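Below is one structure, written out as structure tokens; the observations come after it.
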Amino acid sequence: MAGSLRGMLLMAIVLLVAAAAVVPASAKDYTVGDSSGWKPGVDYTAWAKGKPFAIGDTISFQYSSSHSVLEVSEADHSACSASNPLRSHRDGQSTTVPLTKAGTRYFICGAPGHCASGMKLAITVSGGTSSGSAATTSGPAMRATNTTPASGGAAATDDAAAAGESDSDSSAAGTGTGARLATGLLFAAVGLAALMMMG
């Protein structure tokens with residue numbers, strides 16, 4: 001009887017660990033502006049309202065070559081200032097931003113007049129502890145197929161390197177969900193094997 005109880009306890013622990021590993025796999029990828037994308041005439045405040053952005057999610061900007069995505073400080077967001085971006089992408093296709101830290105993130109379009117016309121976004125990321133605003137130079141890098149220099153002259157990927165991030169760090173957020181799912185499946189298989197051995 002004690003062996004049977006011990007086996008059931010072991011199986012319960014393995015299944016709980018497997019369930020915990022699979023739960024984070026529900027991360028979402030939000031397309032900014034939904035089908036409208038990143039362009040003038042979209043109310044990005046209304047778009048973001050009520051969305052439960054969380055650590056592990058990503059936001060994707062879809063835009064044309066006349067636009068850009070600049071991650072900026074709260075002050076630069078409020079003033080629509082593109083003069084000191086934390087990160088800059090102007091590839092004319094898409095930019096994906098992994099949300100790896102809790103806090104508020106600020107984005108604007110760097111084209112003259114576009115931010116003042118409404119191309120600005122502030123999102124609040126939940127799901128962890130934050131030691132202040134996420135809009136700092138130590139935040140995660142944005143990924144895009146082609147990056148161009150920020151107004152300060154350093155490419156966005158160089159900004160990430162200067163902040164102490166490697167390319168593997170910025171891509172890890174995008175592949176982390178798959179790794180968690182694989183780990184969860186592995187634990188589930190071990191649990192099934194343990195169950196079969198008990199029978």
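The structure presented is a predicted model; accordingly, all values stated were derived computationally and were not measured.
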Rounded to the nearest 0.5 Å, what separation is found between the [atom1] atom of [X] and the [atom2] atom of [Y]?
X    : Y    : atom1 : atom2 : result
S64  : Q93  : OG    : CD    : 11.0 Å
T96  : D29  : OG1   : CG    : 6.0 Å
I108 : E71  : CD1   : CD    : 11.0 Å
H114 : C109 : NE2   : SG    : 5.5 Å
F61  : W38  : CZ    : CH2   : 5.5 Å

Backbone N/O of L99 and side chain of D57: donor-acceptor pair under 3.5 Å: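 Looks like no, no N/O pair under 3.5 Å.
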Look at the aromatic rings of H77 and Y106 and report parallel, tilted or perpendicular, splitting at 30° and 60°.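 Ring orientation of H77 relative to Y106: tilted.
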Exercise: identify the closest heavy-atom pair between [X] and [Y]:
X    : Y   : answer
K120 : S78 : NZ-O, 3.9 Å
P40  : H67 : CD-CE1, 3.4 Å
A111 : S66 : CB-O, 3.6 Å
L86  : S73 : CD1-N, 4.1 Å
P85  : V72 : CA-CG1, 4.2 Å
G33  : V42 : CA-CG1, 4.3 Å

So which of T95, L121, V97, I123 actually passes side chain to side chain contact (heavy atoms under 4.5 Å, CB included) with V32?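 Option passing the side chain to side chain contact (heavy atoms under 4.5 Å, CB included) with V32: L121.
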Without placing hydrogens or testing angles, list every side-chain donor-acceptor pair under 3.5 Å for residues 44-56, not counting sequence neighbours.
residue	atom	partner	partner atom	Å
Y44	OH	G37	O	2.7
Y44	OH	K39	N	2.7
Y44	OH	K39	O	2.9
W47	NE1	D34	OD1	3.2
W47	NE1	D34	OD2	3.3
K51	NZ	W47	O	2.5

List the steps and the verdict of side chain to side chain contact (heavy atoms under 4.5 Å, CB included) for V125 and K101. CA-CA 7 Å; V125 181; K101 185 177 178 184; over 6 Å; no
Does a side-chain heavy-atom distance below 4.5 Å link L70 with R87?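 When only atoms from C-beta onward are counted, R87 and L70 do not touch, as no gap falls below 4.5 Å.
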Would Y63 and H89 count as a side chain to side chain contact (heavy atoms under 4.5 Å, CB included) if you check the C-alpha gap in whole Å, the side-chain angles of each, and the deciding distance to 0.1 Å? CA-CA 11 Å; Y63 52 99; H89 289 270; 3.8 Å; yes
For the cysteine pair C80 and C115, state whether the SG atoms are less than 2.5 angstrom apart.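 Yes; the two sulfurs sit under 2.5 Å apart.
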